[in-house]
Protein chains: 2
Amino acid sequence: MKPKAASAIRIELNAVIVAVEDSVPYLLTADGLALPSGPLETAHRTLEQGLRAWAKLKGQQALGYVEQLYTFADRGRTSVGERAVSIGYLALVHEATEAQGAARSPWYLHFPWEDHRDGAPKIIGSLIMPALTAWKNAAPDSAAKRERAERISIAFPADPRAWNEELVLQRYELLWEAGLVAEAGKNAKNTLGLAMPYDHRRIVATAMARLRAKIKYRPVVFELLPPQFTLLQLQNTVEALAGLRLHKQNFRRLVEAQGLVEETGAMTSGISGRPAKLFAFRRQVLQERGTAGTKLPRTN
Amino acid sequence: MKPKAASAIRIELNAVIVAVEDSVPYLLTADGLALPSGPLETAHRTLEQGLRAWAKLKGQQALGYVEQLYTFADRGRTSVGERAVSIGYLALVHEATEAQGAARSPWYLHFPWEDHRDGAPKIIGSLIMPALTAWKNAAPDSAAKRERAERISIAFPADPRAWNEELVLQRYELLWEAGLVAEAGKNAKNTLGLAMPYDHRRIVATAMARLRAKIKYRPVVFELLPPQFTLLQLQNTVEALAGLRLHKQNFRRLVEAQGLVEETGAMTSGISGRPAKLFAFRRQVLQERGTAGTKLPRTN
DNA sequence: CTATATATGCTCATAATGAGCATATATAGG
DNA sequence: CCTATATATGCTCATTATGAGCATATATAG
């Protein structure tokens, strides 16, 4: 039973490949800032194997961590008329692993409003809030107005402590609707951040949201680090992903309490400041527990 | 650029539709215990809209909550040779909403080892552990043996307090590898639980895992309840999904502290025991916050 | 020798969680 | 009416987790 030509659907894989170097998260990109992508290879048994094989072929080293993100299929997500289904993947690589001619782009260049490590970006106060307020006031009726106000206050709260770093996708969609990103097409007025082709920036937003959520309950950061690292490097990497500053001592307490790392015996040297112990990820934790904790008041 | 006939790939949607009635979680099924499924309709703008429209067409009432689960594409997941990509969805419906000729099957019939509300099921001690131990001992080398032992002790821990209800998929895969589920084909010896066609039981395992994780940080249970309910009904529903007993008073404290419900003023009557207040879900919480909490030691 | 930059150890108040005691108010059945 | 039984609800208390911050140690840079 062959599909009719009319209903032919192309399936492609899109990979959001992330690396962090010196506290800067990068996105590995193909031509013209597009995400690396390829056709679904029928030769591979599973999608993930297909992606790994394809990445190797493309000259990237082996991907460290790979996870399926989401399957995108809105009509008109690429060119008009044609429907392409894209299966998005999130992959993490070591800084050393990347390179090899693959271009890379700092992700906060595409999402300048997401980096709050040095306080809220000025762009929020100077451009985003005024534009969103105008958009809210332009709502057709008062119900819509209230709903827009609500969404704005959650995505871009006035109180900086209420900033929820996980809402990357909601924020991107809000900015889209308000015509503040170039991808919104003819509705776009002022355009914020570096645009990407097709719906790729949206896919990246999905990846950022997933990654920011995941680092809290799964030890995936280590996939971005070299085999040995200091606790400060670890913290810097987490901060780079989350776009937030963390309390140093408490961060260490958390990491140690969870038994995520073990001392290697080695120390840093040659750098300014007191030498730091070099740690390694305790790979065993991946086996030891399936997940982290609960939130339900279990009874025993 | 039309796809070559040889690489034609069928895309279908599979829905895991869940309802809970009287503390029993059900799966709505199509013919022969298969999951309801249909072709990807190119007429709909997004996948989710397609699924909702299709469900309505099939005689189900509108789906309450819908979320994309995973895209399954292992070769040979259905019949041999042909490759079908399935986009799995999880949907929740009210008990009242379902019915209408759609068959339903209690999910613990398919996963009898997952219901720990009355303590660990006897099947674990009598059948599963002996078989898994034999499987472990049949490992080709000692490294594989150690790895199998590790996986077993996480999936089916000796200490009941270490039972992690979220590991539904890991457990299913373990049982598959050990040949304890019928879907494993010629490798299957003793077969546990009611099998389902193709890889549908695996898709359901994915859905259960997702749902068990999700109820902890998103108020999705309410999609399974009528508009008004008692706190006990709410707790029973959560317990049914999690397959665990919860501490009653602490459960209530949690629910109230989070402001998830509000009193309606009405009370139950006619049933044995002291009448209970009827509560309603505060829909506003969906707007109020994007997610729940953090786990990173943020600094302010 | 001093300024500067990190690394590490520890304390303390407050909030969240796990367990359990006690009391209130219905229905069911003699 | 009285008693057994089934829930509903209020409250306490020990333990743990979290958020903030003080103090001290040990390098490099000049």
Side-chain angles (χ1 to χ4, degrees), chain A residues 22-23 159-165 216-217 228-239 242 244-279 292-300, chain B residues 22-23 159-165 215-217 228-239 242 244-279 289 292-300:
Chain A
D22 294 332
S23 305
D159 180 355
R161 286 173 309 178
W163 174 261
N164 186 334
E165 84 283 359
K216 291 176 184 168
Y217 60 93
Q228 300 206 352
F229 49 83
T230 68
L231 292 182
L232 182 60
Q233 280 178 283
L234 176 60
Q235 181 175 348
N236 282 338
T237 305
V238 172
E239 289 179 342
L244 289 174
R245 285 284 165 223
L246 306 179
H247 182 109
K248 190 168 178 171
Q249 296 90 327
N250 291 347
F251 177 80
R252 301 163 90 102
R253 176 173 63 186
L254 205 64
V255 168
E256 292 178 350
Q258 294 185 136
L260 293 176
V261 299
E262 60 193 357
E263 298 185 12
T264 62
M267 308 276 291
T268 57
S269 66
I271 337 170
S272 179
R274 173 173 169 176
K277 291 179 188 165
L278 282 167
F279 290 84
T294 167
K295 194 70 190 247
L296 297 175
R298 295 177 57 159
T299 190
N300 289 315
Chain B
D22 294 332
S23 305
D159 180 355
R161 288 173 309 180
W163 175 260
N164 185 335
E165 84 283 359
I215 47 176
K216 291 176 184 168
Y217 61 94
Q228 301 206 352
F229 48 83
T230 68
L231 293 181
L232 183 60
Q233 280 177 282
L234 175 60
Q235 180 175 350
N236 282 337
T237 304
V238 172
E239 289 180 341
L244 288 175
R245 286 284 165 222
L246 306 180
H247 182 107
K248 191 168 177 172
Q249 296 91 327
N250 291 347
F251 178 80
R252 302 162 91 101
R253 177 172 64 186
L254 206 63
V255 167
E256 292 178 350
Q258 293 185 135
L260 292 176
V261 299
E262 59 194 358
E263 297 187 12
T264 62
M267 308 275 292
T268 56
S269 67
I271 337 170
S272 179
R274 174 173 169 177
K277 291 178 188 164
L278 282 167
F279 290 84
R289 52 177 170 213
T294 166
K295 196 67 189 253
L296 297 176
R298 296 176 57 157
T299 190
N300 289 314

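Heavy atoms only: backbone and side chains are in, while hydrogens, waters and symmetry mates are out. The chains referred to below are lettered A, B, ... by the order of the sequence lines, with proteins before strands, and numbering in each begins at 1.
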Practice item. For the pair B/Glu165 and B/Lys216, find out whether any cationic side-chain nitrogen is under 4.0 Å from an anionic carboxylate oxygen. Key: yes

Study note, to complete from the structure: The reported gap from CZ in A/Arg253 to CD in A/Gln258 (rounded to nearest 0.5 angstrom) is 11.5 Å

Review point. Rounded to the Å, how far apart are A/Phe251 CZ and C/dT6 P?
Key: 16 Å

Check your understanding: In the structure shown, which nucleotide is the Watson-Crick or G-U wobble counterpart of C/dA22, with both distances under 3.5 Å?
Key -> D/dT9

Study note, to complete from the structure: Among C/dA5, D/dA8, C/dA26, the one nearest any side-chain atom of A/Ser272 is C/dA5

Study note, to complete from the structure: When B/Thr237, B/Thr264, B/Val261 are each screened for side-chain contact (heavy atoms from CB on, under 4.5 Å) with B/Phe229, the one that passes is B/Val261

Check your understanding: Could you give the CD1-to-C1' distance, from B/Ile271 to D/dT5, as a whole number of Å?
Key -> 15 Å

Check your understanding: Which nucleotide in the set D/dA8, C/dT6, D/dA27 lies at the smallest distance from any side-chain heavy atom of B/Thr230?
Key -> D/dA8

Review point. If you round to the nearest 0.5 Å, how far is CG of B/Leu254 from CG of B/Leu260?
Key: 8.0 Å

Review point. Does B/Arg274 place a side-chain N or O at less than 4.0 Å from the phosphate oxygens OP1/OP2 of D/dT9?
Key: no

Study note, to complete from the structure: Testing C/dA19, C/dT17, C/dA7 for proximity to the side chain of B/His247, the answer is C/dA19

Check your understanding: Across the strands shown, which category fits A/Leu232 at heavy-atom distances under 4.0 angstrom: base, sugar-phosphate, nothing?
Key -> sugar-phosphate

Exercise for review: Report the distance from atom CG of A/Asn250 to atom P of C/dA13, rounded to the nearest whole Å.
Suggested key: 16 Å

Check your understanding: Rounded to the Å, how far apart are B/Leu254 CG and D/dA17 P?
Key -> 17 Å

Practice item. Name the nucleic acid region contacted by A/Lys277, choosing base, sugar-phosphate or nothing; use a 4.0 angstrom heavy-atom cut-off, strictly under. Key: sugar-phosphate

Practice item. With heavy atoms under 4.0 Å as the rule, sort A/Leu231 into base, sugar-phosphate or nothing. Key: nothing

Point to revise | d(CD, A/Gln235; C1', C/dT8) in whole Å | key: 13 Å

Study note, to complete from the structure: A/Leu234 CG to C/dA7 P, in whole Å, measures 12 Å

Study note, to complete from the structure: Between NZ of A/Lys248 and C1' of D/dA23 the distance, given in whole Å, is 14 Å

Review point. Between A/Glu256 and A/Gly273, which is nearer to the 5' end of DNA chain C once each is assigned its nearest nucleotide?
Key: A/Gly273

Exercise for review: Using a strict cut-off of less than 4.0 Å between a Lys/Arg side-chain nitrogen and an Asp/Glu carboxylate oxygen, indicate whether A/Glu262 and A/Lys277 qualify as a salt bridge.
Suggested key: no

Point to revise | Between C1' of C/dT17 and CZ of B/Arg252, the distance in whole Å | key: 18 Å

Review point. Under the 3.5 Å rule, do the base of D/dG19 and the side chain of A/Arg253 count as making a donor-acceptor pair?
Key: yes

**Study point:** Nucleotide paired to D/dA29 in any strand shown, Watson-Crick or G-U, under 3.5 Å
**Key:** C/dT2

Revision key, fill the gap. B/Gln249 has its side chain closest, among C/dA19, D/dC11, C/dA5, to D/dC11

